[in-house]
Amino acid sequence: MSLTCDDLDAMLPEFLDGSVTADEATLAAEHLATCEECTAELNELESVTKLYREHGTMHLPDESRKRIAGSLGISE
Amino acid sequence: MTVAETDDVVDRPISRLFNEFADAIYTLGYRIVGDRHLAEDVVQETFIKVIRALPTYRGDGPIGGWIYRIGYREAITVTRRRREDPVDPMTFQVTSVPAATSVEADVLNHELVSRLDDAMSQLSEPVRAAFTLRDIQGLSTAEVATVLDVSESAAKMRLARAREALRVQLKEYL
């Protein structure tokens with residue numbers, strides 16, 4: 001059995017989360033080895049996550065952190 | 001910090017919980033509400049509720065998941081209140097820019113962060129929340145489902161929708 005592009009597309013969320021079975025991972029790897037389009041899509045999806053991991057986290061400004069901690073009666 | 005890393009913190013003092021989760025709730029709040037001042041309100045209201053409820057917290061799950069759930073509900077409340085009373089038209093201001101090594105790098109970082117914010121603001125609120133929790137904050141899909149109070153398959157669907165929409169919108173950066 002081999003996967004089509006649609007099969008892989010349906011499996012991508014689990015594949016990206018690493019929650020596929022060993023058999024599914026093998027089938028996906030076999031398809032990706034021969035399909036440039038799906039490989040490019042997978043790489044782009046991984047890049048989206050990487051971009052947001054690196055640049056999407058916010059830091060509560062120090063002044064606000066102190067103000068909120070003070071209002072809550074907690075010492076940092 | 002992911003939910004799984006917080007299993008043992010139920011006995012930690014509130015100051016420690018605040019230090020560990022303030023940025024995470026601020027990020028979640030900002031990504032849902034789209035305004036840094038309102039995101040600060042989300043942090044404050046979340047921890048008011050955490051302080052009130054902590055004595056009765058049953059410990060039937062990681063405390064991180066519990067705090068994220070409170071934060072998420074608080075962000076939704078603030079968002080709904082804002083829709084009813086839109087006093088501040090600003091959305092998705094650029095507030096967090098990674099350290100840059102030159103003026104040019106600083107400008108590029110600003111541009112990138114601004115573009116990432118814009119792309120996220122195009123997503124629906126539930127989709128944005130799932131993506132923030134999973135792909136920015138690193139929770140597992142099962143944890144995301146618990147925080148959002150949806151099935152795991154619904155969480156997966158939201159994540160897939162977010163990633164695909166962002167992939168299309170951010171093509172030039174990938």
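These numbers were taken from a predicted model, which means no experiment stands behind them.
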Quick one: are Arg65(A) and Phe18(B) in side-chain contact, heavy atoms under 4.5 Å? yes
So does Gly56(A) get a backbone contact from the side chain of Arg31(B), meaning a donor-acceptor N/O pair under 3.5 Å? yes
Pair Glu164(B) + Arg167(B), salt bridge at N-O below 4.0 Å: yes
Let me know if Glu14(A) has heavy atoms under 4.5 Å from chain B in its side chain, its backbone, both or neither. side chain
Pairing donors with acceptors under 3.5 angstrom, does anything connect the side chains of Thr4(A) and Asp7(A)? yes
Looking at Glu63(A) and Arg67(A), does any basic side-chain N land under 4.0 Å from a carboxylate oxygen? no
Identify which part of Leu28(B) has an atom lying under 4.5 Å from any heavy atom of chain A, answering side chain, backbone, both or neither. neither
Please rank Ile48(B), Leu166(B), Leu170(B), Thr132(B) by heavy-atom pairs under 4.5 Å with chain A and give me the top one. Leu166(B)
Largest heavy-atom contact set with chain B, pairs under 4.5 Å, which of Glu41(A), Arg53(A), Glu46(A): Arg53(A)
Is Leu12(A) close to chain B through its backbone or its side chain, or both, or neither, when contacts mean heavy atoms under 4.5 Å? neither
